[in-house]
Amino acid sequence: MEAKEYENAFFEKNAFRRRACKKCGEPFWSVGSSEVCSEVPCTPYSFQGNSPFSQPLDLTSMRELYLSYFERRGHARLRRYPVVPRWRNDVMFVQASVYDFQPWVTSGAIPPPANPLTISQPCMRFTDIENVGTTGRHLTMFEMMAHHAFNGASKEVYWKDRTVELCHELVTSELGARPEEISYKEEAWEGGGNLGPSVSVGLRGLEIATLVFMQYVRDGDALKPMPLRVVDTGYGLERFTWMSQGTPTIYEAVFPGILKDLPKDFTLPEAAVLADHAKNFLFLFTDGIVPSNVREGYLARLLLRRILRTLEKHPGTLTLFDLMQTVVRHVAKDFPELASNPKGLGEVLRVEEERFSEAIARGRTQVRRLEERLKKEGRSPNVDDLVMVYDSLGVTPDVAVEELSQKVEVPSDFFAKVAELHTRTPAQGWGGYGADAVEAKVPEPPPSVPPTIVHYHRDPYTHEFTGKILWRSGPWVILDQTYFYPTGGGQITDRGHLAGAPVEEVVRHGPWVMHRLSHPDAPLPEVGAPGQGRVDPARRRQLMTHHTATHLLNGALRKVLGPHVWQAGAYKGVEGARLDITHWQGLTPLELRAVERLVNSVVREDRPVRSTFEPRAVAEEKFGYGIYQGGAVPGKELRIVDIENFDVEACGGTHCTHTSEVGFVKVLGTERIQDGMVRLHFVAGERALEVMQEHDTILQEASQKLAAPVEEVPRALDRLLDRLKESHKEAKAAAKADVAEIAEGLWNSPVDAHPLGEGHRAVVAQVDLDREGLQALAREITSRAGGVALLAAQDEKSGTLFFASSDPKRFPARDLLAPALKAWGGKGGGNPSAASGSGPRGPPLRAALDAALARARELAAAPPA
RNA sequence: GGGCGCGUAGAUCAGCGGAAGAUCGCCUGAUUUGCAAUCAGGAGGUCUCGGGUUCAAAUCCCGACGCGUCCA
């Protein structure tokens, strides 16, 4: 950034001077005479015990002071946005106040909710999680206080000079800092393809705010001006509060009540972890994150597990539940919504605590086993083993060392070694909830083709229409207007006919709705002519029914299970539909029945389902962020589907206009598709009847075949299974008896039994059993003292040998097999007590047995070793 | 989204190419006993599923499914 980017009227009027910091070399602006900027390391912390502000403030009053200061200066105060930004799908968490307005406002697609505005936005930053407590200043969540102005062609609000002026006045006249102590250090900010100059505001060593002026778009190496210039500021509420109190660490200033209410055993580094992590988790949970083993759910679990590990350091003094109660008590004063789901909170904590102790117990035994296993290999566990144990079992090295008999030194770079294992993973974007992975294999129409006018939103009941054919490429056709619904929002494509030609698939592509015909050369009126469209009405009706049923089910699940439930994906087909929700365990039959009852009662009540278009900001204000159940939705206007007093979602699908049209909703089954996520399979309307009828037919058939009335089917089956098991057992016993009989016959046969000197007897025979039978027979023979079994079998294709010996030292089965294989031309192997082979059938098989017997006789003749 | 580990008796797991095992629990019978009793006997298995390699696969390879864990 060039120097002139930082010049402004306010600096000039107030005689700010620009100079390079003597220590870091960075240019900064100030009215003071200091040669260095006011940030560490150039200026050390010097506010502890000596605040530059005129009075100490807590979080609540500092936040209020800030917001009302900007309100008095023409800014509209906004409520906080959720920490989970479901209006976008590129990030997991809100990490700065400007995330609230990306991408729709900052790209100019929609007007800002107010302009200028001020907000205190809770933000999540997990990168410093290891530092919480230890550095005295790190937190995983903080509030970013901000004032934003959006300057476009039509409206100029304010820009650099006023921004700096507002900041300077706040810190000096409002809070009481001396102007000459403040430095405005030049920085360049870049993010999301946008960039611009920024200044960081330093005071007594601490960076307390950053003022960013987003004004350029990166275009290769060149910078192009943005159509909308954005004032993007960030003031750390916790840092302001800390500075006003001048406490040794940020934690005393931010969590005074919580620290006081914790048992005395928990003092600062640990107490900060408890307070910070618990507060963070509360926000995550309230805003719809359920602990899990992937993605954002994993971070929620990580917080809880770090808390649990900390609590274990002082066993019996504090429970996870009580800690959370304490934190709720203090934080809910400013954020009452955090106390809105006590039942769900208690339940999720209980489940997570249980899973954690299971994981630890499992891990501990695995560590002990590992040590034993390594002992056999003649070595003892080393650091790499501990890394493996942590990575795949979750056992932290301190716990692992406790389980080992020999001490292993845990190096300080232990977690760096863990990180090494994961360095090759490429950083990937987040798919987001309900993101439609529509692979565009469609041809690209020229931009001159006008956008398609769509009617299915306003009127989902019309199936016949006439549209002008605007463009065609092979099977793909664009009309000036259409009633065909394109795949999207989890609802699959409409089908039907266009001028008599079957329409197989309809997709949205940019501004167009594109219809794919069944054949690339299907006859069709030429471009410019009208074409008669006909949407398959039965298919459409079923898809609509399933879609409205999905919303009903989602609403009912939130009411029965709790507000933590979010839609995590959905699919609405003709045959059936499914809905994925966030929840920490599978649904109980009781919960499921309650959900079905509720859904169907709302169906019977025939509530209106209203679909309207609302400006994004209006919709968010009116219905809250719960409308983003289906994930991020594009556009400045949202289509809102509102089932009266039951469920409101932003949704582009086709819907019934009254709940009674859904007819009947039946959940067919549920499954846990991953940790923290449950999938429901269900059917509605006509299809529900069909499925119920199919099920009934199946049941009737089963009842007939079992010759038992329907209600007796399960018990009849039980009896049948018992009998089956019994007869299996009998058959097994009979087979065993058969084998025993055969063995007895062979053992005493003058033909097949061959004495091998004193005390040994070889049974040489071909008995055409399968391999298992042969083996059983051999076992029977070798259970007799001195028994040596040399058995063969054959089927139509090949022959098999199975040799076994009750005296593997004197007559090793493997050594008997070797000459047999040679004489026979088969393949095989084994050990001294048993050996097997396979090869040709017929006479060679007999030769193999003879060769084996000859070898056995040789061994019998040789003196025992 | 990715890495790693794991799926064997009701439970916890061993075995890691050559004839399915241990401990606890369960059943039967003795013993009649200070509390997780002892002794003897017994039942209980599609070694997750599907392919492949091999004379031979719980074991090796590939794939699916499930579970766990770590990282982003």
Side-chain angles (χ1 to χ4, degrees), chain A residues 89-93 126-127 129-130 291-299 301-302 305 355-356 358-370 372-373 376 384-397 414-432 435 437 586 671-676 725-726 728-729 732-733 739 771-783 789 791-793 798-806 808 812-814 817-818 820-821 824-840 848:
Chain A
N89 56 20
D90 54 339
V91 289
M92 291 195 276
F93 300 110
F126 285 92
T127 47
I129 190 164
E130 295 286 336
S292 150
N293 55 0
V294 288
R295 293 187 186 143
E296 69 282 15
Y298 171 70
L299 291 164
R301 174 167 291 167
L302 181 68
R305 293 198 168 184
R355 292 201 176 136
F356 180 63
E358 276 170 17
I360 291 298
R362 201 172 27 238
R364 281 181 187 270
T365 58
Q366 289 295 329
V367 170
R368 267 180 268 129
R369 291 221 172 85
L370 175 75
E372 281 171 36
R373 204 162 45 236
K376 283 184 202 159
D384 287 340
D385 295 319
L386 292 189
V387 170
M388 191 282 286
V389 159
Y390 173 69
D391 199 43
S392 60
L393 299 170
V395 181
T396 50
F414 181 85
F415 287 96
K417 281 175 182 287
V418 175
E420 256 173 50
L421 289 176
H422 299 280
T423 45
R424 270 171 300 164
T425 41
Q428 292 226 337
W430 182 52
E671 55 181 334
R672 281 187 69 202
I673 54 171
Q674 59 158 271
D675 207 6
K725 213 168 171 184
E726 198 61 32
H728 267 167
K729 255 161 75 176
K732 226 165 114 184
V739 164
R771 186 178 206 94
E772 244 170 83
L774 215 54
Q775 185 174 312
L777 185 58
R779 186 197 285 271
E780 192 63 38
I781 289 165
T782 55
S783 70
L791 303 177
S798 61
T800 306
L801 290 183
F802 195 94
F803 293 180
S805 167
S806 63
R814 190 171 46 197
L817 185 66
L821 290 175
W824 177 37
K827 286 196 235 175
N831 60 26
S833 59
S836 68
S838 85

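Source: prediction; values computed, not measured. Numbers restart at 1 for each chain; the letters A, B, ... are given by sequence-line order, proteins then strands. We use all heavy atoms of the structure for the numbers below, so side chains are in, but hydrogens, waters and symmetry mates are not.
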Would you find a donor on one side and an acceptor on the other, under 3.5 Å apart, between the side chain of T365(A) and the backbone of R362(A)? yes

Could you tell me whether V294(A) contacts a base, only the sugar-phosphate backbone, or nothing, with contacts defined as non-hydrogen atoms closer than 4.0 Å? base

Relative to the 5' end of RNA chain B, which residue comes earlier, S838(A) or L299(A), by the nucleotide with the nearest heavy atom? S838(A)

Which pair of non-hydrogen atoms, one from L774(A) and one from A792(A), has the smallest distance, and what is that distance? CD1-O, 3.8 Å

Please determine, for G34(B), whether a Watson-Crick or G-U wobble partner exists with both distances under 3.5 Å, and give it or none. none

May I have the distance from N293(A) (atom CG) to G66(B) (atom P), rounded to whole angstrom? 12 Å

Nearest-Å distance for atom pair CG/P, residues L386(A) and C70(B): 15 Å

Taking the P atom of each, how far is C47(B) from G7(B), in whole Å? 15 Å

Quiz item: D391(A) side-chain donor-acceptor pair to G3(B) base, under 3.5 Å: yes

Integer angstrom distance from the P of A14(B) to that of A22(B): 16 Å

Remember a base hit wins even if backbone is also touched, and classify R355(A) as base, sugar-phosphate or nothing at under 4.0 Å, heavy atoms. nothing

Interatomic distance, E296(A) CD vs G2(B) C1' [rounded to whole Å]: 15 Å

Please name the nucleotide paired to A58(B) by Watson-Crick or G-U wobble geometry with both distances under 3.5 Å, or report none. none

C1' gap between A11(B) and G45(B), integer Å: 15 Å

Who does A19(B) pair with, Watson-Crick or G-U, both distances under 3.5 Å? none

Partner residues of R301(A) under the salt bridge (Lys or Arg N to Asp or Glu O under 4.0 Å) criterion, sequence neighbours left out: E352(A), D675(A)

Gap between atoms CZ and P, on F803(A) and A56(B) respectively (whole Å): 16 Å

Are side-chain heavy atoms of R355(A) and P291(A) found at a separation under 4.5 Å? no

What is the minimum heavy-atom distance between A804(A) and A778(A), and which atoms define it? CB-CB, 4.0 Å

Roughly how far apart, to the nearest Å, are U69(B) and A36(B) at atom P? 33 Å

Using a heavy-atom cut-off of 4.0 Å across all strands, would you classify S392(A) as base, sugar-phosphate, or nothing? base

Could you tell me the Watson-Crick or G-U partner of G41(B), where both distances fall under 3.5 Å? Say none if there is no partner. C27(B)

Identify the nucleotide, in any strand shown, that forms a Watson-Crick or G-U wobble pair with C4(B), with both distances under 3.5 Å; if there is none, say none. G68(B)

Between U12(B) and C70(B), how far apart are the C1' atoms? Round to whole Å, please. 25 Å

Tell me: CG of L370(A) to C1' of C4(B), nearest whole Å? 14 Å

Considering every strand shown, what is the Watson-Crick or G-U wobble mate of U53(B) when both distances are under 3.5 Å? none

Side chains of I129(A) and L299(A): does their closest heavy-atom pair fall under 4.5 Å? no

Does R364(A) have any salt bridge (Lys or Arg N to Asp or Glu O under 4.0 Å) partners at least two apart in sequence or in another chain, and if so, which? E402(A), E403(A)

Selection from C55(B), C70(B), U69(B) that lies nearest to any side-chain heavy atom of R301(A): U69(B)

Find out whether L386(A) and Y390(A) are in side-chain contact, i.e. whether some heavy atom of one side chain is under 4.5 Å from a heavy atom of the other. no

If you measure from the P atom in C61(B) to the same atom in A57(B), how many Å do you get, rounded? 16 Å

Between G17(B) and G10(B), how far is it from one P atom to the other, in whole Å? 26 Å

Using whole Å, what does the distance between atom P of nucleotide G2(B) and atom CE of M92(A) come to? 14 Å

Distance, rounded to the nearest Å, where F356(A) contributes CZ and U69(B) contributes C1': 12 Å

Roughly how many Å apart are G15(B) and C55(B), using the C1' atom of each and rounding to a whole number? 23 Å

Quick one: pull up OG in S838(A) and CZ in R771(A) and give me the separation to the nearest 0.5 Å. 7.0 Å

Between U69(B) atom C1' and Y390(A) atom OH, what is the distance in whole Å? 9 Å

The contact string for nucleotides 12-25 of chain B, one letter per nucleotide 5' to 3', using protein heavy atoms under 4.0 Å with B, S and - for base, sugar-phosphate only and none, comes out as -SS---BB------

